[in-house]
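To start, the structure itself, in structure tokens.
Residue numbers start from 1 in every chain, and the chains themselves are labelled A, B, ... in the order their sequence lines are given, proteins ahead of strands. Both backbone and side-chain heavy atoms feed into the values below; hydrogens, waters and symmetry mates do not. In this text the structure is predicted, and so the values were computed from the model without any measurement.
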Amino acid sequence: WLFLKMLEKGIAERRTQVVNWDPVDQTVLANEQVIDGRGWRSGAVVEKREIPGYYLKITDYAEELLAAVADPESKNYLAGWPERVRLMQENWIGKSAGVRFAFTHDIRDAQGALIQDGRLYVFTTRADTIMGVTFCAVAPEHPLAAHAAAGHAELAAFIERCRQGGTTEAELALKEKEGMPTGLFVTHPLTGEKVPVWVGNYVLMSYGDGAVMGVPAHDERDFAFARKYALPIRQVIAVEGEAFSTDAWADWYGDKQRAVCINSGELDGLPHKAAVDKVAELLAIRGLGEQKTTWRLRDWGVSRQRYWGTPIPIIHCDDCGAVPVPEQDLPVVLPNNLIPDGSGNPLQQCAAFVDVACPQCGKSARRETDTMDTFVDSSWYFMRYTCADNQAAMVDARTDYWMPMDQYIGGIEHAILHLLYARFWTKVMRDLGLVKADEPFKRLLTQGMVLNHIYSRKTPQGGIEYFWPHDVDNVLDAQGKIAAARLKADGSAVDYGGVGTMSKSKNNGVDPQDLIDRFGADTARLFTMFAAPPEATLEWNDAAVEGSHRFLKRVWAFGLKLQDLSPSAAEPAEAPGKLRRELHQTLQQVSFDYGRMQYNTVVSGAMKMLNALEGADTAAPGMPAALREGFGILLRTLYPVTPHITHALWQELGYAAQQGDLLDAPWPQVDPAALRQDTVELMLQINGKLRGALQVPTNADQSAIEAAALASAEFTRFAEGRAVKKVVVVPGRLVNVVV
RNA sequence: GCCGGGAUGGCGGAAUCGGUAGACGCAGCGGACUCAAAAUCCGCCGCCCUUAAAAGCGUGGGGGUUCGAGUCCCCCUCCCGGCACCA
């Protein structure tokens with residue numbers, strides 16, 4: 001329904017898209033199958049193919065999507081997001097300010113019409129180097145390339161080669177930069193010079209106008225290209241004190257900050273920004289160009305040639321074209337009895353699904369078999385969760401109550417795609433009047449990946465099968481590194497593929513249920529929390545889980561011990577100062593770490609508390625009361641991590657009778673009085689090297705500390721009579737004597 | 001290739017703002033208890049030299065800033081994540 005609304009509003013539209021096509025199996029390949037050497041279909045011949053599909057115009061929202069991650073002044077700024085995620089999204093959106101201008105030509109197609117009105121448009125961020133242009137390069141799919149290829153077999157073959165090898169950014173970037181002259185020339189807009197047009201495999205049709213100006217002297221890629229094909233290199237900017245040579249690239253050739261134009265007529269002497277402005281002005285006078293912002297972000301192609309996914313509610317009629325499914329016929333429901341066999345989308349063979357009457361003219365028509373990217377579903381599931389029982393509408397007022405979400409948690413692998421799509425989708429729903437939120441997620445915690453070893457081998461059929469780490473024994477090399485592995489079952493050899501993200505397809509996942517079965521849920525939770533901070537990448541290893549289990553047994557045992565210590569009401573809890581100081585200091589740290597979601601040190605803090613409690617002398621005056629206070633702090637601290645055992649102890653030991661259920665108990669407060677100390681230990685450094693420690697009164701001033709330092713035995717020993725040049729005192733921490 | 005992140009003992013990790021590197025735990029070693037084992041408890045545990053103490057070295061590698069660098073800056077190596085059709 002929303003998709004049809006988006007079509008109606010022009011946020012969605014149908015156009016052709018380039019996909020990775022397997023010419024042998026005649027199917028669309030997933031990128032994983034193309035990029036990943038471990039994929040089962042890797043090595044397949046891949047070519048680019050243009051097929052129709054539906055796009056969502058995420059680029060219309062580029063400015064707003066960018067502001068919330070890049071501009072702290074923006075009203076929607078995502079201050080609660082990790083810096084690295086904001087930065088990744090900023091780079092992905094890729095706003096780039098520059099100049100778009102045209103080289104003119106009078107190249108005509110077979111019908112005699114001027115190709116692109118006689119203008120070859122390019123985009124550049126370095127318009128100040130425009131006088132250094134010695135060639136232009138266009139994408140293999142560019143109209144000028146197609147035109148030149150007609151009747152030029154060699155060029156046609158080159159363009160055909162460029163069509164092979166996949167469309168992913170990684171592949172394109174790894175390809176060797178190659179080109180071929182088209183034999184065509186265009187006219188430089190300022191000098192009137194003839195400039196040769198090349199086809200370059202590194203020029204992307206999807207960015208800017210699919211053409212670039214070539215300035216070999218001041219762009220590293222153009223420099224390499226020009227050296228390879230012996231194109232002229234013309235220096236047009238200079239940096240004081242640097243000498244230019246066409247022999248090798250130097251970083252300053254591309255410098256913006258210090259660059260000054262030379263060999264550029266009226267631009268000479270201008271720095272970067274002024275020169276760009278001047279060039280834009282000169283081009284504007286001729287009607288050939290202007291300053292322009294270009295984005296790296298592309299529209300979101302949502303069509304997938306897959307069985308799974310939300311159906312695209314369109315019916316194709318020979319007479320009426322692409323007709324939306326009428327609202328009363330929604331939702332389009334997929335048949336659930338088809339079996340994907342790897343030969344393409346099985347929906348296409350399903351007559352019951354495909355054959356329908358055109359809603360407009362009633363003639364027999366064909367239902368769209370493409371389904372939507374599953375990112376579509378993940379872009380709004382969280383809003384639907386707030387009102388999942390509403391059968392009449394997508395969302396209702398409850399969504400406005402809950403959104404934006406206070407805290408979202410997800411893997412760092414979603415930093416760009418899912419989190420950008422969900423942001424876009426929320427804004428679309430807002431603009432269609434469905435929700436009020438501008439942004440879906442106020443705070444974001446990105447979990448690190450949990451990695452595990454990957455074992456695989458090729459099957460005789462040419463595929464790859466993966467083995468579960470528990471089913472193999474490692475074979476170590478001389479350095480003790482894993483070199484290969486053997487199947488436990490039959491000893492046969494298996495290849496070791498390093499570590500990587502746990503995934504079903506690589507068969508290297510771990511089910512937490514195993515730990516729960518062996519040790520219980522509290523131990524499984526405690527161990528997982530303790531292993532690493534949530535943002536960190538972690539190589540999975542549960543060898544230490546026994547330690548977590550042991551700790552919980554000690555907590556339980558201490559609870560039993562406490563039960564036998566009945567404090568008399570008269571005892572003052574303040575007496576055992578050392579224990580209370582230790583507990584409240586640790587509580588301070590734990591509270592801080594909870595706030596920053598560093599749960600591993602929350603657990604280690606709880607362990608410290610138990611160590612302190614266990615080490616206390618129960619016979620000391622006031623101790624039973626202090627222990628009871630301290631254990632109450634420990635239980636509340638640990639409750640979010642191990643709810644079951646702490647809840648039971650809270651109940652059994654009578655805390656609940658006095659303070660209510662643990663579920664409702666407030667977070668324990670640090671008692672400032674417990675932290676107070678009369679003396680403090682300062683580290684003593686001589687020339688920045690640690691040489692000892694000083695006990696000084698907590699309120700000692702700078703000169704008293706200095707005096708104590710100079711009077712110390714360590715000073716006498718390590719200063720060896722040298723004169724004191726400086727004394728640095730860091731209150732509460734250290735004193736450093738420089739001699 | 002590009003973007004982002006990471007590298008600290010045998011292992012997972014700690015060090016909040018540039019101020020005691022190795023908290024807490026695992027593994028290991030020694031001991032107590034036990035007929036014995038398990039469980040539990042106590043002690044040791046970065047490297048090097050050493051009977052010991054003291055000194056020296058030490059946060060992936062190289063350089064720099066600073067009284068002082070795991071932390072900041074520059075260069076490099078390796079590993080992980082993403083690169084738009086795995087989701």
Side-chain angles (χ1 to χ4, degrees), chain A residues 17 19-20 28-36 39 53 58 82-85 87-92 94 167-175 177 202 206 296-306 373-375 377-378 411-418 420-421 446 448-449 451 480 498-501 503-505 527 530-533 535-539 541 543-548 550-551 553-554 557 588-589 592-593 595-596 598 600-601 603-608 611 614 681-690 692-693 725-728 730 732-739:
Chain A
Q17 54 179 5
V19 296
N20 288 317
V28 175
L29 291 174
N31 263 356
E32 184 180 342
Q33 295 168 319
V34 181
I35 300 176
D36 188 346
I58 191 171
E83 171 70 32
R84 61 168 158 158
V85 176
L87 190 58
M88 280 191 255
Q89 293 212 348
E90 184 180 343
N91 290 336
W92 184 261
T167 60
T168 73
E169 198 178 308
E171 279 175 328
L172 295 173
L174 281 168
K175 261 187 179 172
K177 314 285 176 275
Y202 62 94
S206 54
R296 209 186 75 99
L297 183 69
R298 306 201 304 264
D299 279 336
W300 177 11
V302 291
S303 295
R304 297 287 179 277
Q305 299 71 41
R306 310 252 178 250
D373 186 354
T374 49
F375 273 127
D377 308 275
S378 59
I412 184 66
E413 79 275 23
H414 292 302
I416 295 172
L417 294 183
H418 164 58
L420 197 62
Y421 291 142
T446 47
M449 302 281 80
L451 312 181
V499 292
T501 316
S503 79
K504 237 178 228 173
S505 63
F527 172 69
F530 187 45
E535 307 236 40
T537 307
L538 180 72
E539 261 179 61
N541 178 358
V545 68
E546 307 245 3
S548 295
R550 209 147 41 212
F551 169 70
K553 286 200 280 192
R554 277 169 57 205
Q588 198 167 39
Q589 170 244 309
F592 177 82
D593 289 342
R596 59 174 176 161
Q598 186 172 287
N600 57 327
T601 50
V603 174
S604 74
M607 289 172 170
K608 267 182 178 165
N611 288 347
E614 286 181 336
E681 190 183 41
L682 297 184
M683 292 303 109
L684 174 62
Q685 296 184 343
I686 313 291
N687 281 352
K689 266 190 178 299
L690 183 69
K725 273 162 73 180
K726 185 175 176 183
V727 181
V728 181
V730 184
R733 292 216 178 256
L734 59 74
V735 47
N736 183 17
V737 184
V738 185
V739 297

Problem set entry | Heavy-atom pair of closest approach, residues I58(A) and D299(A) | N-OD1, 3.3 Å

Seminar exercise, completed: To the nearest angstrom, the CZ-P distance between R296(A) and G4(B) comes to 11 Å

Problem set entry | Heavy-atom pair of closest approach, residues F530(A) and V603(A) | CD1-CG1, 3.7 Å

Seminar exercise, completed: Given the 90°-from-0 boundary between syn and anti, C17(B) should be labelled syn

For this session: Under 4.0 Å between any heavy atoms, over every strand shown, what does Q17(A) touch: base, sugar-phosphate, or nothing? Just pick one.
Result: base

Exercise. At under 4.0 Å between heavy atoms, what does T501(A) touch on the DNA or RNA strands: base, sugar-phosphate, or nothing?
Worked result: sugar-phosphate

Problem set entry | N or O in side chain of K689(A) less than 4.0 angstrom from C57(B) OP1/OP2 | yes

Problem set entry | Integer-rounded Å distance: C17(B) P and F592(A) CZ | 6 Å

For this session: Report which part of the nucleic acid W300(A) touches: base, sugar-phosphate, or nothing (heavy-atom distance under 4.0 Å, all strands).
Result: nothing

Exercise. Rounded to the nearest 0.5 Å, how far apart are CZ of R298(A) and OG of S206(A)?
Worked result: 4.5 Å

Exercise. Considering all heavy atoms of both residues, which atom of M449(A) and which atom of E413(A) are nearest to each other, and what is their separation?
Worked result: CE-OE1, 2.7 Å

Problem set entry | Qualifying residue, where the test is side-chain contact (heavy atoms from CB on, under 4.5 Å) with Q685(A) and the options are V737(A), V728(A), N736(A) | N736(A)

Exercise. Which of the following nucleotides, G1(B), C67(B), G13(B), is nearest to the side chain of A532(A)?
Worked result: G13(B)

Seminar exercise, completed: When V738(A) and L87(A) are each assigned the nearest nucleotide of RNA chain B, the 5'-most assignment goes to L87(A)

For this session: Name the closest nucleotide to the V728(A) side chain, picking from A39(B), G19(B), G1(B).
Result: G19(B)

Problem set entry | Sugar-phosphate, base or nothing in reach of L174(A), heavy atoms under 4.0 Å | base

Problem set entry | Among G5(B), G1(B), U20(B), the nucleotide that comes nearest once only the side chain of R84(A) is considered | G5(B)

Exercise. Is it true that R296(A) and E169(A) have a side-chain N and a carboxylate O under 4.0 angstrom from each other?
Worked result: yes

For this session: Please map the stems of RNA chain B, keeping only stretches of three or more Watson-Crick or G-U wobble pairs with both distances under 3.5 angstrom.
Result: B:1-7 with B:77-83, B:10-12 with B:24-26, B:28-32 with B:40-44, B:60-64 with B:72-76

Exercise. Syn versus anti for G68(B), judged by chi lying within 90° of 0?
Worked result: anti

Exercise. Among the nucleotides C2(B), A15(B), G12(B), which one has an atom lying closest to any side-chain atom of L538(A)?
Worked result: G12(B)

Exercise. With a non-hydrogen cut-off below 4.0 angstrom, is L417(A) in contact with a base, only sugar-phosphate, or nothing?
Worked result: base

Problem set entry | Side-chain N,O (T537(A)) to OP1/OP2 (G6(B)) below 4.0 Å | no

Just the atom pairs and distances: protein N or O near nucleotides 21-26 of chain B's N or O, under 3.5 Å.
| from | atom 1 | to | atom 2 | distance (Å) |
| --- | --- | --- | --- | --- |
| A23(B) | O2' | K608(A) | NZ | 2.9 |
| G25(B) | OP1 | N611(A) | ND2 | 3.3 |
| C26(B) | OP1 | R550(A) | NE | 3.3 |
| C26(B) | OP1 | R550(A) | NH2 | 2.6 |

For this session: Could you tell me whether the phosphate oxygens of C83(B), OP1 or OP2, come under 4.0 Å of any side-chain nitrogen or oxygen in Q89(A)?
Result: no

Exercise. With a 4.0 Å cut-off on heavy atoms, is A415(A) in touch with a base, just the backbone sugar-phosphate, or nothing at all?
Worked result: nothing

Problem set entry | C85(B) phosphate, OP1 or OP2, under 4.0 Å from R304(A) side-chain N/O | yes

Exercise. CH2 of W92(A) versus P of C2(B): gap in Å, rounded?
Worked result: 16 Å

Exercise. Atom CE of M88(A) and atom P of C80(B): how far apart are they, to the nearest Å?
Worked result: 17 Å

Exercise. Expressed in angstrom and rounded to an integer, what is the separation of M449(A) atom CE from G4(B) atom C1'?
Worked result: 13 Å

For this session: Could you tell me the separation between the CD atom of E535(A) and the P atom of A7(B), rounded to a whole number of Å?
Result: 13 Å

Exercise. NA contact type, R733(A), heavy-atom cut-off 4.0 Å: base, sugar-phosphate, or nothing?
Worked result: sugar-phosphate

Problem set entry | Between P of C2(B) and NZ of K175(A), the distance in whole Å | 18 Å

Problem set entry | Distance, rounded to the nearest Å, where L297(A) contributes CG and C2(B) contributes P | 22 Å

